[in-house]
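Keep in mind the model is a prediction, meaning the values are calculated, not measured.
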Amino acid sequence: MGLYALLSLLALTGLLVALNAGQSAQAVAQQTQQVQQRLRSIRTQLEAGEDPQLVLASWEQTLHRDGQRLWLVDKDCRSLTTVEEEPPAEITLQSVVQSAVRSGQSMRSIHIHGDDPEVLAFALDASPDKDHVRVLLTVIDPEMLQGDHASITAAATRAAIFTWIIGILCVAFVAAGIVEPLRAMSLNLDQSIEKTQREDMLLSISDRRDELGQVASSLHRLEEEREDRIAKLKLAEREARSSSDLLSAVLDSMVEGVVAVDREQRIVFLNTGARRMLGISKAIGIGHRLYEAVRVPTVLETVQDALKSKKMETLEYRGSREHPSLVLVVIPILKGPHAGAVAVVRDVSEMRRLEAMRRDFVSGVSHELKTPLTVIQACTDTLLGGALSDPTAAVRFLKQIEEQSERLLQLILGMLQLARVESGQQVLHIESVDVVTITDDVLCGFRTVADTKSVQMFLTGADEMIVVTDAQSLQTIISNLVDNALKHTNAGGSVTVELIACEFSPAIVVRDTGTGIPEEVLGRIFERFYRVDRDRSRERGGSGLGLAIVKHLCQALGATVSVKSVLACGSEFRIQFSRC
Ligand code: ADP
């Protein structure tokens, strides 16, 4: 708009200047022509012999009205009539007069002051060789000329300014019709503006039947497509994020540790298991190098080897105290944007412990079975070798066979019971159990053994004690503990069962004054087949399963078993129930 105003103003100014110049030239030409005609008429009158004075007087008013003045001069510019005004005596007039005289009766004109619209006109009535030459000299009043010209120029200027203003208003009107919708579009197409507002604005502009309307309806279509595309992208992004979250959650919930690295061994994924097992601090995360996270050289070497060889590598190594045995499997990822390797670390400590237990169990069972079977075999060999003929020896050997068979049976029964309890297959009948009666029954069962060994047995503490538990299992527990106490108590000693009928934490304590257990092995006596003194224990008929059965039954009943012992003074086993 501003540019248009400036340019149009310049154009109009140029036009006015040109018009002005043209007008000026035309005015001068018209005046000159008029003067020439008049001079010709005057010359004709003079040549007809009319009195120059009267002729000039008759023309004076007409000429004066049009701003023209007339003189009759000789060739030296001296006035030949008695007019008041002296003819202009400019040096240039002289030359015009001389020129007119030289060229006969032709007319000459000249601008006196350069570009000023001042004109002189001449007419001759004699040839140059005559001494008496008359010249009609006319001067056009420049102010008259100027006046006409100025009024025309002023009118033209007014018309030009009016046209310019009308033009500006028209342009402003047209521009407003274009600029307003454009401005509305530019303001409302911003993403911060609400979608409905944007659409309303575009729909209102698209009603127009011009190009702007087409642009607005195209923009509206684009807007709709864009919204559609954005919605689809958002949906795709949500789906991608949710599957990525799901994957992360799955990987994070894995017991195994997972670390993914790129080719430069920069961490690209790390789950909680990996942090725990590899001891990676929280300060380390995505983007860190593996060697910054893991300090175990063998692990780093294994990852390096897998990346180099492009083959799966495995490593089993000793980890921390919480994870003593760890297995690392490194699988290289050869292609794709995440090329590198995935390391999966698994804690096999429990597996290794169970393997060791199984090995121990198998060797324990073999050992336990071997001894009685060897004895049985030796006895049968001896009997078959001729001892049968000796009835006394035969009876002795057969008794030994019976004893060892009984031992084998007890061993197998013990193992079966332990297996049942451990696997949770032991059927428990949880009910209110009269502990006093059960303990009394157990002690009665061992009365003969105790008398034989000259060991005294006591039942102390509560006269009445009811515990919600399984009666059969409780009997086995008390029986095993009393059996052990009698086995390890020498003649003259005593075995006491104390019943503590506390309301919240009832307990059964089996105390003896026997050999006691060394402190350093107290933690091991509940292991199956563990014996402090293997040979003596076997002599005493122990299978090495009694305390293991006690421990597992207690666990099944929700009770705890603990032991205190002083070597050569005696031992105390306590079964603690959580509630009555
Ligand atoms: P065993 O059948 O050999 O007695 P247990 O599992 O019952 O097997 O006991 C494991 C070991 O614990 C025994 O061999 C014995 O050395 C020790 N022990 C258990 N009870 C006592 C006790 N009251 N006094 C001394 N040592 C005991």
Side-chain angles (χ1 to χ4, degrees), residues 255 325 346-373 404-435 437-439 441-443 445-446 465-485 487 497 505-508 510 523-531 537-538 541-563 573-580:
V255 182
S325 294
R346 198 146 46 94
D347 187 346
V348 291
S349 312
E350 185 61 15
M351 203 170 80
R352 295 288 177 257
R353 195 180 68 80
L354 290 174
E355 276 174 11
M357 271 176 69
R358 200 181 60 230
R359 271 200 305 276
D360 290 354
F361 178 73
V362 171
S363 81
V365 169
S366 315
H367 198 74
E368 291 304 321
L369 292 174
K370 203 175 108 193
T371 313
L373 282 173
Q404 294 304 321
S405 300
E406 175 62 23
R407 198 175 149 192
L408 273 177
L409 182 65
Q410 290 306 319
L411 183 68
I412 288 164
L413 288 176
M415 284 197 308
L416 285 174
Q417 188 179 17
L418 190 60
R420 260 201 320 275
V421 178
E422 268 187 321
S423 64
Q425 286 173 351
Q426 173 91 345
V427 183
L428 301 173
H429 299 284
I430 305 297
E431 56 192 348
S432 292
V433 173
D434 181 359
V435 183
T437 309
I438 287 181
T439 313
D441 286 351
V442 171
L443 291 179
F446 283 101
M465 181 173 159
I466 305 293
V467 172
V468 179
T469 188
D470 176 56
Q472 184 66 50
S473 303
L474 186 62
Q475 192 174 17
T476 309
I477 290 168
I478 299 170
S479 183
N480 283 2
L481 293 177
V482 171
D483 184 28
N484 276 347
K487 270 193 238 165
V497 180
S505 186
I508 302 170
V510 179
R524 295 201 62 192
I525 57 169
F526 292 97
E527 289 175 15
R528 55 166 81 83
F529 302 124
Y530 183 80
R531 295 184 185 92
S537 180
R538 219 174 266 131
S543 64
L545 294 175
L547 286 181
I549 291 170
V550 167
K551 186 180 95 175
H552 284 95
L553 280 176
C554 282
Q555 279 174 356
L557 296 176
T560 55
V561 56
S562 58
V563 60
F573 288 82
R574 173 181 282 256
I575 307 298
Q576 189 87 45
F577 297 91
S578 52
R579 61 185 174 84
C580 286

Of all the heavy-atom pairs spanning [X] and [Y], show the shortest one and how long it is.
X      : Y      : result
Ile549 : Gly414 : CD1-O, 3.6 Å
Ser349 : Ser325 : OG-N, 3.0 Å
Phe526 : Leu547 : CD2-O, 3.5 Å
Met465 : Pro506 : CE-CB, 3.6 Å
Gln417 : Leu553 : NE2-CD1, 4.2 Å
Ile477 : Cys554 : CD1-SG, 3.9 Å

Do any N or O atoms from the side chain of Gln475 and from the backbone of Val442 form a donor-acceptor pair under 3.5 angstrom?
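Not confirmed, Gln475 side chain does not pair with Val442 backbone.
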### Task
Indicate yes or no for a side-chain donor-acceptor contact from Asp470 to the backbone of His429 under 3.5 Å, with no hydrogens or angles considered.
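Yes; at least one donor-acceptor contact below 3.5 Å.
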Could you tell me if the side chain of [Y] sits less than 4.5 Å from the side chain of [X], heavy atoms only?
X      : Y      : result
Leu409 : Glu406 : yes
Asp483 : Lys487 : yes
Val468 : Phe577 : no

Between atom [atom1] of [X] and atom [atom2] of [Y], what is the distance when rounded to the nearest 0.5 Å?
X      : Y      : atom1 : atom2 : value
Leu354 : Arg352 : CG    : CZ    : 10.5 Å
Glu368 : Ser363 : CD    : OG    : 9.5 Å
Glu527 : Lys551 : CD    : NZ    : 7.5 Å
Leu411 : Ser405 : CG    : OG    : 12.5 Å
Asn480 : Phe573 : CG    : CZ    : 11.0 Å
Leu443 : Ile438 : CG    : CD1   : 12.0 Å

Do any side-chain atoms of residues 420-428 form donor-acceptor pairs under 3.5 angstrom with protein atoms, and if so which ones, sequence neighbours left out?
residue, atom, partner, partner atom, Å
Arg420, NE, Gln426, OE1, 3.1
Glu422, OE1, Arg528, NH2, 2.5
Glu422, OE2, Arg528, NH2, 2.5
Glu422, OE2, His552, NE2, 3.4
Ser423, OG, Ala419, O, 2.8
Ser423, OG, Arg420, O, 3.2

message = Within a 6.0 Å radius of atom CD on Gln472, are there more than 12 heavy atoms belonging to other residues, nucleotides or ligands?
response =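 Check fails, neighbour count at 12 or below.
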TODO: Decide yes or no on salt bridge (charged side-chain N to carboxylate O under 4.0 Å, His left out) for Arg358 and Glu355, but give the supporting numbers first.
DONE: CA-CA 5 Å; Arg358 200 181 60 230; Glu355 276 174 11; 5.5 Å; no
**Request:** Please report the C-alpha distance between Ile575 and Leu481 in whole Å, then the side-chain angles of each, then the deciding distance to 0.1 Å, and finally whether the side-chain contact (heavy atoms from CB on, under 4.5 Å) criterion is met.
**Result:** CA-CA 10 Å; Ile575 307 298; Leu481 293 177; 3.8 Å; yes
I would like to know whether Asp434 and Ile466 meet side-chain contact (heavy atoms from CB on, under 4.5 Å); could you show each step before the answer?
CA-CA 5 Å; Asp434 181 359; Ile466 305 293; 4.1 Å; yes
Query raised in the report: Passes side-chain contact (heavy atoms from CB on, under 4.5 Å), Val467 versus Ile508? Steps please.
Result: CA-CA 11 Å; Val467 172; Ile508 302 170; over 6 Å; no
